Amino acid sequence: MDEKKLDDLQGHEDNTRNGGHDTHDEHKEHHRRKKGQKPTIDDLKKEIHMDEHLIPLEELLTRLGTDPTSGLSSEEAIRRYQKDGRNAITPPPQTPEVIKFAKNMLGGFSILLWMGAILCFIAYGVQEASSPGGPLDNLFLGIVLVLVVVITGCFTYSQESKSARIMKSFLKLVPQRTYVMRNGKSKETRVERLVVGDIVDVKFGDRLPADIRVIKCSGFKVDNSSITGESEPQSRSPDSCHENPLESKNLAFYSTNAVEGTCIGVVIKTGDQTVMGRIAQLTGSIQEEKTTLAIEIDHFIMLISIFAVFIGIVFFVVAFLLGYKWLDAFIFLIGIIVANVPEGLLPTVTVCLTLTAQRMKAKNCLVRKLEAVETLGSTSVICSDKTGTLTENRMTVAHLWYE
(Lines give C-alpha, C1' and ligand atoms only; values in the text may rest on other atoms or scores of the structure.)
Protein backbone atom coordinates (compact mmCIF):
# COMPACT_ATOMS: atom_id res chain seq x y z
CA MET A 1 0.00 0.00 0.00
CA ASP A 2 2.88 2.40 0.83
CA GLU A 3 4.59 1.69 -2.49
CA LYS A 4 1.28 2.31 -4.25
CA LYS A 5 1.02 5.66 -2.50
CA LEU A 6 4.47 6.60 -3.81
CA ASP A 7 3.41 5.45 -7.27
CA ASP A 8 0.29 7.62 -7.01
CA LEU A 9 2.34 10.66 -6.03
CA GLN A 10 4.68 10.13 -8.96
CA GLY A 11 1.82 9.26 -11.29
CA HIS A 12 0.03 12.51 -10.45
CA GLU A 13 3.17 14.48 -11.37
CA ASP A 14 3.64 12.49 -14.58
CA ASN A 15 0.04 13.13 -15.65
CA THR A 16 0.48 16.85 -14.98
CA ARG A 17 3.66 16.98 -17.05
CA ASN A 18 2.06 15.04 -19.89
CA GLY A 19 -0.72 17.63 -19.90
CA GLY A 20 1.81 20.25 -20.97
CA HIS A 21 2.31 22.02 -17.63
CA ASP A 22 5.55 20.39 -16.58
CA THR A 23 7.66 23.52 -16.25
CA HIS A 24 5.13 25.50 -14.22
CA ASP A 25 4.30 22.66 -11.82
CA GLU A 26 7.90 21.63 -11.33
CA HIS A 27 8.76 25.21 -10.46
CA LYS A 28 5.90 25.38 -7.96
CA GLU A 29 7.04 22.17 -6.32
CA HIS A 30 10.69 23.14 -6.15
CA HIS A 31 9.94 26.65 -4.92
CA ARG A 32 7.68 25.19 -2.25
CA ARG A 33 10.36 22.69 -1.27
CA LYS A 34 13.19 25.21 -1.28
CA LYS A 35 11.31 28.24 0.01
CA GLY A 36 13.39 30.19 2.47
CA GLN A 37 16.61 28.24 1.85
CA LYS A 38 17.28 28.57 -1.86
CA PRO A 39 21.02 29.17 -2.39
CA THR A 40 22.12 32.47 -3.83
CA ILE A 41 24.41 32.83 -6.82
CA ASP A 42 27.32 33.71 -4.53
CA ASP A 43 26.70 30.52 -2.55
CA LEU A 44 26.71 28.44 -5.72
CA LYS A 45 30.03 29.96 -6.83
CA LYS A 46 31.78 28.89 -3.65
CA GLU A 47 33.72 25.67 -3.28
CA ILE A 48 31.67 22.59 -2.48
CA HIS A 49 31.82 21.88 1.25
CA MET A 50 30.73 18.40 2.31
CA ASP A 51 32.04 15.63 4.51
CA GLU A 52 30.04 12.66 3.26
CA HIS A 53 33.16 11.34 1.52
CA LEU A 54 35.45 11.87 4.53
CA ILE A 55 33.59 10.34 7.47
CA PRO A 56 33.54 6.56 8.02
CA LEU A 57 30.90 4.72 6.04
CA GLU A 58 29.16 3.41 9.18
CA GLU A 59 28.83 6.95 10.52
CA LEU A 60 27.41 8.15 7.19
CA LEU A 61 24.82 5.36 7.09
CA THR A 62 23.81 6.18 10.65
CA ARG A 63 23.48 9.87 9.77
CA LEU A 64 21.29 9.04 6.77
CA GLY A 65 19.23 6.53 8.76
CA THR A 66 19.62 3.69 6.28
CA ASP A 67 20.87 0.12 6.15
CA PRO A 68 23.30 -1.10 3.46
CA THR A 69 21.58 -4.49 3.09
CA SER A 70 17.87 -3.69 3.42
CA GLY A 71 17.78 0.00 2.42
CA LEU A 72 14.96 2.29 3.49
CA SER A 73 11.45 1.20 4.33
CA SER A 74 8.62 2.24 2.02
CA GLU A 75 7.13 4.47 4.73
CA GLU A 76 10.43 6.31 5.24
CA ALA A 77 10.95 6.69 1.49
CA ILE A 78 7.49 8.27 1.14
CA ARG A 79 8.15 10.62 4.05
CA ARG A 80 11.46 11.79 2.57
CA TYR A 81 9.96 12.08 -0.89
CA GLN A 82 7.17 14.34 0.42
CA LYS A 83 9.74 16.40 2.33
CA ASP A 84 12.45 16.78 -0.34
CA GLY A 85 10.42 16.38 -3.53
CA ARG A 86 11.43 14.82 -6.83
CA ASN A 87 14.98 13.81 -7.59
CA ALA A 88 15.17 16.15 -10.56
CA ILE A 89 16.95 19.37 -11.42
CA THR A 90 14.71 22.43 -11.47
CA PRO A 91 14.46 23.63 -15.07
CA PRO A 92 15.20 27.32 -15.71
CA PRO A 93 12.18 29.65 -16.01
CA GLN A 94 10.56 29.31 -19.41
CA THR A 95 8.97 32.12 -21.39
CA PRO A 96 5.31 31.36 -22.21
CA GLU A 97 4.69 30.57 -25.87
CA VAL A 98 2.30 33.52 -26.16
CA ILE A 99 5.08 35.89 -25.07
CA LYS A 100 7.53 34.30 -27.52
CA PHE A 101 5.02 34.72 -30.35
CA ALA A 102 4.33 38.34 -29.34
CA LYS A 103 8.07 39.13 -29.31
CA ASN A 104 8.43 37.83 -32.84
CA MET A 105 5.45 39.92 -33.93
CA LEU A 106 6.26 43.12 -32.06
CA GLY A 107 9.99 43.04 -31.36
CA GLY A 108 12.90 44.59 -33.21
CA PHE A 109 12.35 45.66 -36.77
CA SER A 110 8.70 44.55 -36.72
CA ILE A 111 7.81 47.63 -34.65
CA LEU A 112 8.89 49.91 -37.47
CA LEU A 113 6.77 48.00 -39.98
CA TRP A 114 3.75 48.07 -37.67
CA MET A 115 4.15 51.84 -37.32
CA GLY A 116 4.32 52.15 -41.09
CA ALA A 117 1.17 50.04 -41.52
CA ILE A 118 -0.74 52.08 -38.93
CA LEU A 119 0.29 55.32 -40.62
CA CYS A 120 -0.88 53.93 -43.98
CA PHE A 121 -4.27 53.08 -42.52
CA ILE A 122 -4.48 56.55 -40.94
CA ALA A 123 -3.61 58.19 -44.26
CA TYR A 124 -6.23 56.10 -46.05
CA GLY A 125 -8.82 56.99 -43.42
CA VAL A 126 -8.04 60.69 -43.68
CA GLN A 127 -8.22 60.61 -47.47
CA GLU A 128 -11.47 58.64 -47.42
CA ALA A 129 -13.00 61.07 -44.94
CA SER A 130 -12.04 64.14 -46.97
CA SER A 131 -12.79 62.75 -50.44
CA PRO A 132 -14.61 59.40 -50.56
CA GLY A 133 -13.79 57.04 -53.41
CA GLY A 134 -10.16 58.10 -53.62
CA PRO A 135 -7.14 55.89 -54.46
CA LEU A 136 -6.55 52.75 -52.37
CA ASP A 137 -2.75 52.86 -52.46
CA ASN A 138 -2.32 53.54 -48.74
CA LEU A 139 -4.80 50.81 -47.81
CA PHE A 140 -3.03 48.20 -49.95
CA LEU A 141 0.39 49.27 -48.68
CA GLY A 142 -0.80 48.97 -45.07
CA ILE A 143 -2.17 45.47 -45.72
CA VAL A 144 1.10 44.42 -47.36
CA LEU A 145 3.11 45.67 -44.38
CA VAL A 146 0.87 43.75 -41.97
CA LEU A 147 1.21 40.58 -44.05
CA VAL A 148 5.00 40.94 -44.14
CA VAL A 149 5.19 41.22 -40.35
CA VAL A 150 2.74 38.38 -39.68
CA ILE A 151 4.30 35.95 -42.17
CA THR A 152 7.91 36.57 -41.11
CA GLY A 153 6.92 36.53 -37.42
CA CYS A 154 5.15 33.17 -37.79
CA PHE A 155 8.09 31.82 -39.78
CA THR A 156 10.62 32.85 -37.13
CA TYR A 157 8.46 31.54 -34.29
CA SER A 158 8.01 28.22 -36.07
CA GLN A 159 11.77 27.82 -36.58
CA GLU A 160 12.63 28.68 -32.96
CA SER A 161 9.84 26.48 -31.59
CA LYS A 162 11.14 23.54 -33.60
CA SER A 163 14.61 24.02 -32.11
CA ALA A 164 13.12 24.36 -28.62
CA ARG A 165 11.27 21.06 -29.03
CA ILE A 166 14.49 19.35 -30.06
CA MET A 167 16.32 20.81 -27.06
CA LYS A 168 13.49 19.65 -24.79
CA SER A 169 13.81 16.13 -26.15
CA PHE A 170 17.39 16.08 -24.86
CA LEU A 171 15.95 15.90 -21.34
CA LYS A 172 15.15 12.28 -22.06
CA LEU A 173 18.89 11.59 -21.93
CA VAL A 174 18.92 11.80 -18.13
CA PRO A 175 18.48 8.45 -16.35
CA GLN A 176 14.88 7.29 -16.16
CA ARG A 177 14.96 4.06 -14.16
CA THR A 178 17.32 2.47 -11.63
CA TYR A 179 17.48 -0.38 -9.15
CA VAL A 180 16.99 0.53 -5.48
CA MET A 181 16.84 -1.47 -2.27
CA ARG A 182 13.52 -1.03 -0.42
CA ASN A 183 12.29 -3.20 2.46
CA GLY A 184 15.20 -5.57 1.89
CA LYS A 185 14.27 -6.20 -1.75
CA SER A 186 15.82 -4.85 -4.93
CA LYS A 187 13.28 -3.25 -7.23
CA GLU A 188 13.31 -1.14 -10.37
CA THR A 189 11.95 2.36 -9.92
CA ARG A 190 11.91 5.76 -11.58
CA VAL A 191 14.94 7.92 -10.85
CA GLU A 192 12.70 10.79 -9.74
CA ARG A 193 11.52 8.68 -6.79
CA LEU A 194 14.95 8.30 -5.21
CA VAL A 195 15.53 9.94 -1.85
CA VAL A 196 18.57 10.57 0.33
CA GLY A 197 19.57 7.32 2.03
CA ASP A 198 18.45 4.98 -0.76
CA ILE A 199 20.77 2.10 -1.61
CA VAL A 200 21.16 1.90 -5.39
CA ASP A 201 22.73 -0.63 -7.74
CA VAL A 202 24.61 0.80 -10.73
CA LYS A 203 26.25 -1.15 -13.56
CA PHE A 204 28.20 -0.21 -16.67
CA GLY A 205 26.13 1.62 -19.26
CA ASP A 206 23.95 3.34 -16.64
CA ARG A 207 23.77 7.02 -15.86
CA LEU A 208 24.22 7.81 -12.21
CA PRO A 209 20.76 8.47 -10.73
CA ALA A 210 22.03 10.79 -7.95
CA ASP A 211 25.18 11.76 -6.08
CA ILE A 212 26.22 8.57 -4.30
CA ARG A 213 28.96 7.32 -2.03
CA VAL A 214 30.37 3.97 -3.04
CA ILE A 215 29.71 1.15 -0.56
CA LYS A 216 31.26 -1.62 -2.63
CA CYS A 217 32.20 -1.97 -6.27
CA SER A 218 33.95 -4.17 -8.80
CA GLY A 219 36.11 -2.50 -11.45
CA PHE A 220 33.79 0.52 -11.39
CA LYS A 221 34.72 3.50 -13.58
CA VAL A 222 32.79 6.64 -14.44
CA ASP A 223 33.03 9.36 -17.07
CA ASN A 224 33.34 12.67 -15.22
CA SER A 225 34.05 14.77 -18.31
CA SER A 226 30.80 16.72 -17.96
CA ILE A 227 31.84 17.89 -14.47
CA THR A 228 35.64 17.93 -14.20
CA GLY A 229 36.65 17.81 -17.88
CA GLU A 230 38.63 14.60 -17.44
CA SER A 231 38.18 12.61 -20.63
CA GLU A 232 39.64 9.36 -19.28
CA PRO A 233 37.32 7.09 -17.23
CA GLN A 234 37.89 7.58 -13.51
CA SER A 235 38.04 4.52 -11.25
CA ARG A 236 35.88 4.49 -8.10
CA SER A 237 36.46 2.68 -4.82
CA PRO A 238 34.95 2.69 -1.30
CA ASP A 239 37.99 4.48 0.15
CA SER A 240 38.35 8.25 0.39
CA CYS A 241 41.50 9.65 -1.19
CA HIS A 242 41.05 13.42 -1.36
CA GLU A 243 39.47 16.20 0.66
CA ASN A 244 38.03 17.74 -2.50
CA PRO A 245 34.81 15.81 -3.22
CA LEU A 246 35.31 16.23 -6.97
CA GLU A 247 38.62 14.36 -6.72
CA SER A 248 37.57 11.72 -4.21
CA LYS A 249 37.29 8.19 -5.59
CA ASN A 250 34.45 7.13 -3.29
CA LEU A 251 31.92 9.53 -4.83
CA ALA A 252 30.01 9.26 -8.10
CA PHE A 253 27.94 12.15 -9.38
CA TYR A 254 24.47 12.56 -10.79
CA SER A 255 24.08 12.27 -14.59
CA THR A 256 27.63 11.00 -15.20
CA ASN A 257 28.08 7.72 -17.07
CA ALA A 258 29.20 4.41 -15.64
CA VAL A 259 31.55 3.01 -18.30
CA GLU A 260 32.89 -0.10 -16.54
CA GLY A 261 32.09 -2.45 -13.67
CA THR A 262 29.33 -2.44 -11.09
CA CYS A 263 28.69 -0.51 -7.90
CA ILE A 264 26.41 -0.40 -4.89
CA GLY A 265 26.17 3.01 -3.27
CA VAL A 266 24.11 5.15 -0.93
CA VAL A 267 22.40 8.32 -2.18
CA ILE A 268 23.79 11.40 -0.43
CA LYS A 269 22.38 14.21 -2.61
CA THR A 270 19.36 14.47 -4.90
CA GLY A 271 17.94 17.01 -7.35
CA ASP A 272 19.23 20.57 -7.07
CA GLN A 273 21.53 19.61 -4.19
CA THR A 274 23.71 17.45 -6.44
CA VAL A 275 26.90 18.75 -8.03
CA MET A 276 25.21 18.75 -11.44
CA GLY A 277 22.26 20.59 -9.87
CA ARG A 278 24.58 23.35 -8.67
CA ILE A 279 26.07 23.64 -12.15
CA ALA A 280 22.59 23.79 -13.68
CA GLN A 281 21.53 26.56 -11.30
CA LEU A 282 24.65 28.58 -12.10
CA THR A 283 24.04 28.13 -15.82
CA GLY A 284 20.39 29.13 -15.48
CA SER A 285 21.33 32.30 -13.60
CA ILE A 286 23.17 33.78 -16.59
CA GLN A 287 21.28 36.74 -18.01
CA GLU A 288 20.52 36.49 -21.71
CA GLU A 289 22.32 39.19 -23.65
CA LYS A 290 21.35 40.70 -26.97
CA THR A 291 23.10 39.26 -29.98
CA THR A 292 25.28 41.40 -32.21
CA LEU A 293 22.63 41.34 -34.91
CA ALA A 294 19.88 42.42 -32.50
CA ILE A 295 22.01 45.36 -31.33
CA GLU A 296 22.69 46.41 -34.92
CA ILE A 297 19.01 46.15 -35.87
CA ASP A 298 17.96 48.23 -32.84
CA HIS A 299 20.55 50.85 -33.79
CA PHE A 300 19.33 50.85 -37.39
CA ILE A 301 15.70 51.23 -36.30
CA MET A 302 16.63 54.20 -34.14
CA LEU A 303 18.49 55.92 -36.99
CA ILE A 304 15.85 55.25 -39.65
CA SER A 305 13.05 56.34 -37.32
CA ILE A 306 14.75 59.63 -36.45
CA PHE A 307 15.58 60.27 -40.10
CA ALA A 308 12.06 59.43 -41.33
CA VAL A 309 10.31 61.55 -38.71
CA PHE A 310 12.70 64.48 -39.27
CA ILE A 311 12.24 64.44 -43.07
CA GLY A 312 8.48 63.99 -42.67
CA ILE A 313 8.19 66.99 -40.35
CA VAL A 314 10.33 69.09 -42.71
CA PHE A 315 8.06 68.23 -45.66
CA PHE A 316 4.97 68.87 -43.53
CA VAL A 317 6.21 72.37 -42.62
CA VAL A 318 7.35 73.17 -46.18
CA ALA A 319 4.05 71.97 -47.69
CA PHE A 320 2.07 74.01 -45.16
CA LEU A 321 4.16 77.11 -45.90
CA LEU A 322 3.64 76.63 -49.64
CA GLY A 323 -0.10 76.93 -49.17
CA TYR A 324 -1.19 73.28 -49.01
CA LYS A 325 -4.06 72.45 -46.69
CA TRP A 326 -3.05 70.97 -43.40
CA LEU A 327 -4.72 67.69 -44.39
CA ASP A 328 -2.64 67.40 -47.55
CA ALA A 329 0.49 68.34 -45.61
CA PHE A 330 -0.30 65.64 -43.10
CA ILE A 331 -0.62 63.10 -45.94
CA PHE A 332 2.84 64.20 -47.09
CA LEU A 333 4.15 63.63 -43.58
CA ILE A 334 2.78 60.09 -43.44
CA GLY A 335 3.94 59.29 -46.97
CA ILE A 336 7.52 60.37 -46.27
CA ILE A 337 7.71 58.36 -43.08
CA VAL A 338 6.29 55.21 -44.71
CA ALA A 339 8.56 55.62 -47.75
CA ASN A 340 11.62 55.43 -45.48
CA VAL A 341 10.56 52.07 -44.02
CA PRO A 342 12.52 49.25 -45.79
CA GLU A 343 9.68 46.74 -46.03
CA GLY A 344 11.79 44.02 -47.61
CA LEU A 345 14.57 44.02 -45.01
CA LEU A 346 12.77 41.91 -42.40
CA PRO A 347 11.81 38.99 -44.68
CA THR A 348 15.25 39.12 -46.33
CA VAL A 349 17.09 38.85 -43.01
CA THR A 350 14.72 36.12 -41.75
CA VAL A 351 15.10 34.00 -44.89
CA CYS A 352 18.90 34.34 -44.91
CA LEU A 353 19.20 33.37 -41.24
CA THR A 354 16.79 30.46 -41.69
CA LEU A 355 18.70 29.08 -44.68
CA THR A 356 21.94 29.31 -42.71
CA ALA A 357 20.34 27.59 -39.72
CA GLN A 358 19.15 24.77 -41.99
CA ARG A 359 22.67 24.32 -43.36
CA MET A 360 24.07 24.19 -39.83
CA LYS A 361 21.39 21.69 -38.81
CA ALA A 362 22.55 19.42 -41.65
CA LYS A 363 25.98 19.48 -39.96
CA ASN A 364 24.42 18.48 -36.59
CA CYS A 365 24.57 22.02 -35.18
CA LEU A 366 21.26 23.12 -33.64
CA VAL A 367 20.43 26.84 -33.68
CA ARG A 368 18.02 27.84 -30.92
CA LYS A 369 17.66 31.48 -32.00
CA LEU A 370 18.02 32.69 -35.55
CA GLU A 371 19.85 35.84 -34.47
CA ALA A 372 22.62 33.66 -33.01
CA VAL A 373 23.58 32.56 -36.52
CA GLU A 374 25.12 35.94 -37.27
CA THR A 375 26.92 35.99 -33.93
CA LEU A 376 28.52 32.62 -34.64
CA GLY A 377 29.40 33.74 -38.14
CA SER A 378 31.27 36.77 -36.81
CA THR A 379 33.30 34.66 -34.36
CA SER A 380 36.95 34.49 -35.35
CA VAL A 381 38.59 32.93 -32.25
CA ILE A 382 37.28 30.44 -29.68
CA CYS A 383 39.41 30.29 -26.53
CA SER A 384 39.46 27.13 -24.43
CA ASP A 385 41.72 26.14 -21.55
CA LYS A 386 41.38 22.42 -22.33
CA THR A 387 42.88 21.45 -25.69
CA GLY A 388 40.75 18.88 -27.46
CA THR A 389 37.93 18.96 -24.93
CA LEU A 390 35.62 20.92 -27.21
CA THR A 391 36.51 19.13 -30.43
CA GLU A 392 37.29 15.56 -29.34
CA ASN A 393 36.22 15.35 -25.68
CA ARG A 394 39.83 14.50 -24.91
CA MET A 395 42.59 16.38 -23.12
CA THR A 396 46.03 16.06 -24.70
CA VAL A 397 49.41 17.72 -24.25
CA ALA A 398 50.29 19.70 -27.37
CA HIS A 399 53.56 21.32 -26.22
CA LEU A 400 55.98 20.69 -23.37
CA TRP A 401 58.88 22.83 -22.15
CA TYR A 402 61.44 21.66 -19.62
CA GLU A 403 64.90 22.63 -18.41
Side-chain angles (χ1 to χ4, degrees), residues 11-34 38 85-86 88-115 117-118 145-174 176 192 271-272 277 280-295 297-298 301 345-358 360-361 364-376:
H12 173 71
E13 294 175 357
D14 292 340
N15 291 335
T16 304
R17 290 202 310 277
N18 291 335
H21 307 288
D22 50 323
T23 301
H24 179 66
D25 290 332
E26 285 175 17
H27 272 292
K28 285 175 62 179
E29 175 190 341
H30 281 279
H31 283 305
R32 172 183 57 78
R33 174 158 54 94
K34 304 295 182 185
K38 187 175 181 179
R86 288 158 35 90
I89 296 175
T90 304
Q94 299 293 321
T95 305
E97 295 299 319
V98 176
I99 302 299
K100 291 181 181 179
F101 185 76
K103 285 184 177 180
N104 283 302
M105 288 295 178
L106 303 174
F109 191 72
S110 301
I111 288 290
L112 197 58
L113 295 183
W114 278 115
M115 291 175 58
I118 292 173
L145 291 177
V146 171
L147 289 177
V148 167
V149 176
V150 172
I151 293 175
T152 54
C154 292
F155 195 69
T156 304
Y157 173 76
S158 174
Q159 180 69 27
E160 294 181 355
S161 297
K162 187 184 302 181
S163 299
R165 286 194 298 270
I166 296 176
M167 293 295 294
K168 193 173 182 180
S169 68
F170 290 163
L171 296 176
K172 298 179 182 178
L173 296 177
V174 298
Q176 294 296 317
E192 291 89 345
D272 291 336
Q281 291 181 70
L282 276 174
T283 304
S285 65
I286 299 176
Q287 297 294 326
E288 185 175 347
E289 297 182 358
K290 282 189 175 182
T291 62
T292 306
L293 181 61
I295 295 174
I297 289 178
D298 289 344
I301 291 173
L345 181 61
L346 180 59
T348 302
V349 171
T350 303
V351 170
C352 290
L353 293 180
T354 302
L355 292 176
T356 306
Q358 293 294 335
M360 295 179 67
K361 183 180 178 181
N364 298 323
C365 181
L366 183 63
V367 178
R368 294 181 61 186
K369 295 190 67 175
L370 290 180
E371 293 176 349
V373 173
E374 191 276 338
T375 303
L376 181 60

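For clarity, every value in this text was computed on a predicted model and none was experimentally measured.
Looking only at distances, no side-chain donor or acceptor of Ser158 sits under 3.5 Å from a matching main-chain atom of Cys154.
Closest of all the heavy-atom pairs between Val149 and Ser110 is CG1-CB, 4.0 Å.
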Please tabulate, for the side chains in residues 101-108, all donor-acceptor contacts under 3.5 angstrom to protein atoms that are two or more places apart in sequence or on a different chain.
unit_1 : atom_1 : unit_2 : atom_2 : d
Asn104 : ND2    : Lys100 : O      : 3.0

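Each salt bridge (Lys or Arg N to Asp or Glu O under 4.0 Å) pair with one or both residues in residues 346-357, not counting sequence neighbours, would appear here, but there are none.
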